[in-house]
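Report on the following structure.
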Amino acid sequence: FSVHPTVCLVYSHSKLHMDIRLDIKMDQKLVHAVDQTITSRHSVRAFLNTPVSTDILKQILTVASRAPSGTNTQPWKVYVVTGKKRDELVERVCQAQMQIYANPELAEQYQETFAYYPEQWLSPFIERRRENGWGLYGLLNIQKGEKEKMARQQLRNFELFDAPVGLFFTVHRSLAIGSKMDISMMIQNVMIAAKARGLDTCPQAAWNHFHPIVLDLVGAPEHEELVCGMALGYADPEQIINSFITPRVPVEEFAVFIDE
């Protein structure tokens, strides 16, 4: 060879394939496609009831499983819930949530197994959180103090925002924080692979409080821990809530370039 080849080894169906790429120049079309898919992803909160085929879901999960994991442990497990089972799950968790609204003391029965958010918020995170919440409520014409409207919107989480597919991601309870980092990368892959196929998603930590109901309904063994849920389907373009796009701070605010 006149140039040093880039060699990529990929395991597929127990066979080792060698992909020798001689052209190491940047493919601008590929760059644009990848960047567009990533930057166009956002949390969708209103879906059509259009079914998603099992073949497409398998494609998405197969691609997503190429996520990195420490020593290739691949700690993720995914429950794909559709049809009658999806409806049953929505009904049971919505009922539990409404019971909590009526009697807040019942919330003690539903505690997440790990803290997703801090007990005390600090700047700039609290300001970003508030901007997000009031931006969403403002779009829906929900004013401060309108608790019933807020509660109704919160309940939409447990209706999967009408998405026909609910994904529930778990890891083994014995594993450490690194496995949650691993599955988080896999979850991001799911969202990007779905977006590339014309589908949208909304990752949902809200389900974690109801892990006893979720894990029981999907038949998960006791050693599994729920990391998050996700609504997946085709976005409803007629719903104003899907126009809500959260901002990002510029790279200069979060990246430090060190050259000396």
Side-chain angles (χ1 to χ4, degrees), residues 31-48 52 60 64 67 97 112 114-147 149-169 180-181 183-210 226-256:
V31 169
H32 177 76
V34 173
D35 288 357
Q36 178 65 21
T37 304
I38 293 173
T39 57
S40 64
R41 184 219 63 82
H42 70 285
S43 293
V44 164
R45 295 178 175 87
F47 292 86
L48 301 171
V52 181
I60 290 168
Q97 180 67 24
E112 56 190 356
F114 65 94
Y116 186 90
Y117 292 117
E119 293 184 6
Q120 182 175 356
W121 288 92
L122 302 174
S123 183
F125 313 112
I126 185 62
E127 290 85 3
R128 294 172 185 168
R129 177 177 170 83
R130 287 170 177 164
E131 178 187 24
N132 182 78
W134 290 119
L136 182 63
Y137 284 159
L139 196 63
L140 297 172
N141 196 29
I142 298 176
Q143 306 302 318
K144 190 173 183 179
E146 293 185 316
K147 294 183 179 180
K149 289 185 178 181
M150 293 179 184
R152 181 68 189 95
Q153 181 57 35
Q154 174 67 11
L155 196 64
R156 292 284 293 148
N157 277 283
F158 308 116
E159 295 171 349
L160 288 167
F161 303 112
D162 297 330
V165 181
L167 303 177
F168 296 91
F169 300 85
K180 289 187 173 64
M181 296 172 64
I183 197 172
S184 296
M185 291 184 279
M186 188 266 192
I187 291 169
Q188 171 74 354
N189 277 0
V190 169
M191 293 188 286
I192 300 305
K195 188 65 181 177
R197 289 162 173 79
L199 292 156
D200 280 285
T201 54
C202 185
Q204 301 170 277
W207 288 92
N208 291 0
H209 293 276
F210 295 105
L226 182 64
V227 175
C228 80
M230 180 186 295
L232 183 150
Y234 295 97
D236 185 345
E238 301 299 323
Q239 298 298 318
I240 191 172
I241 195 170
N242 286 338
S243 68
F244 182 66
I245 308 294
T246 53
R248 295 293 185 271
V249 299
V251 66
E252 290 78 12
E253 290 192 29
F254 66 82
V256 179

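Quick caveat, the model's predicted, so the values are computed rather than measured.
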All side chain to side chain donor-acceptor pair (under 3.5 Å) counterparts of Thr39, not counting sequence neighbours = none
Interatomic distance, OG@Ser243 vs CD1@Ile241, rounded to 0.5 Å, equals 8.5 Å
Value for CE (Met150) from CG (Leu155), rounded to nearest 0.5 Å, stands at 15.5 Å
Set of residues satisfying side chain to side chain donor-acceptor pair (under 3.5 Å) with respect to Glu127, sequence neighbours excluded = Ser123
Do the side chains of Ile38 and Val34 get nearer than 4.5 Å, heavy atoms only?
-> yes
Looking at residues at least two apart in the chain, or sitting in another chain, which of them share a ring pair (Phe, Tyr, Trp, His ring centres under 6.0 Å) with Tyr117?
-> Trp121
Working for side-chain contact (heavy atoms from CB on, under 4.5 Å), residues Val44 and Phe161 | CA-CA 8 Å; Val44 164; Phe161 303 112; over 6 Å; no
All pairs passing salt bridge (Lys or Arg N to Asp or Glu O under 4.0 Å) where residues 234-255 contributes a residue, at least two apart | none
Nearest heavy atoms of Leu160 and Phe47, plus distance in Å | O-CD1, 3.9 Å
Do Val249 and Phe254 pass the side-chain contact (heavy atoms from CB on, under 4.5 Å) test, and can you show the C-alpha distance, the side-chain angles, and the key distance before you say yes or no?
-> CA-CA 8 Å; Val249 299; Phe254 66 82; 3.8 Å; yes
For residues His42 and Phe244, report the shortest heavy-atom separation together with the two atoms involved.
-> CD2-O, 3.6 Å
Measuring from Phe168:CZ to Leu226:CG, what's the distance to the nearest 0.5 Å?
-> 7.5 Å
Quick one: side chains of residues 129-143, donor-acceptor pairs under 3.5 Å with protein atoms, not counting sequence neighbours, listed by atom name and distance.
unit_1: Asn141; atom_1: OD1; unit_2: Gln143; atom_2: NE2; d: 3.0

Compare every heavy atom of Pro164 with every heavy atom of Leu48, then report the nearest pair and how far apart it is.
-> O-CD, 3.6 Å
Identify every side-chain donor-acceptor pair in residues 184-209 under 3.5 Å, counting partners at least two apart or on other chains, and give the distances.
unit_1: Ser184; atom_1: OG; unit_2: Lys180; atom_2: O; d: 2.6
unit_1: Asn189; atom_1: ND2; unit_2: Ala64; atom_2: O; d: 3.2
unit_1: Lys195; atom_1: NZ; unit_2: Asp200; atom_2: OD1; d: 2.9
unit_1: Arg197; atom_1: NE; unit_2: Gln59; atom_2: OE1; d: 3.2
unit_1: Arg197; atom_1: NH1; unit_2: Ala193; atom_2: O; d: 3.0
unit_1: Gln204; atom_1: OE1; unit_2: Trp207; atom_2: NE1; d: 3.2
unit_1: Gln204; atom_1: OE1; unit_2: Ala231; atom_2: N; d: 3.3
unit_1: Gln204; atom_1: NE2; unit_2: Asn157; atom_2: O; d: 2.8
unit_1: Gln204; atom_1: NE2; unit_2: Asn157; atom_2: OD1; d: 3.4
unit_1: Asn208; atom_1: ND2; unit_2: Val227; atom_2: O; d: 2.9

Rounded to the nearest 0.5 Å, what's the gap from CG on Asp162 to CZ on Arg45? Could you check?
-> 14.0 Å
Contacts of type side-chain contact (heavy atoms from CB on, under 4.5 Å), residue Ala255, not counting sequence neighbours | Val251, Phe257
Considering residues at least two apart in sequence or located in another chain, which fulfil the salt bridge (Lys or Arg N to Asp or Glu O under 4.0 Å) criterion with Glu159?
-> Arg152, Arg156
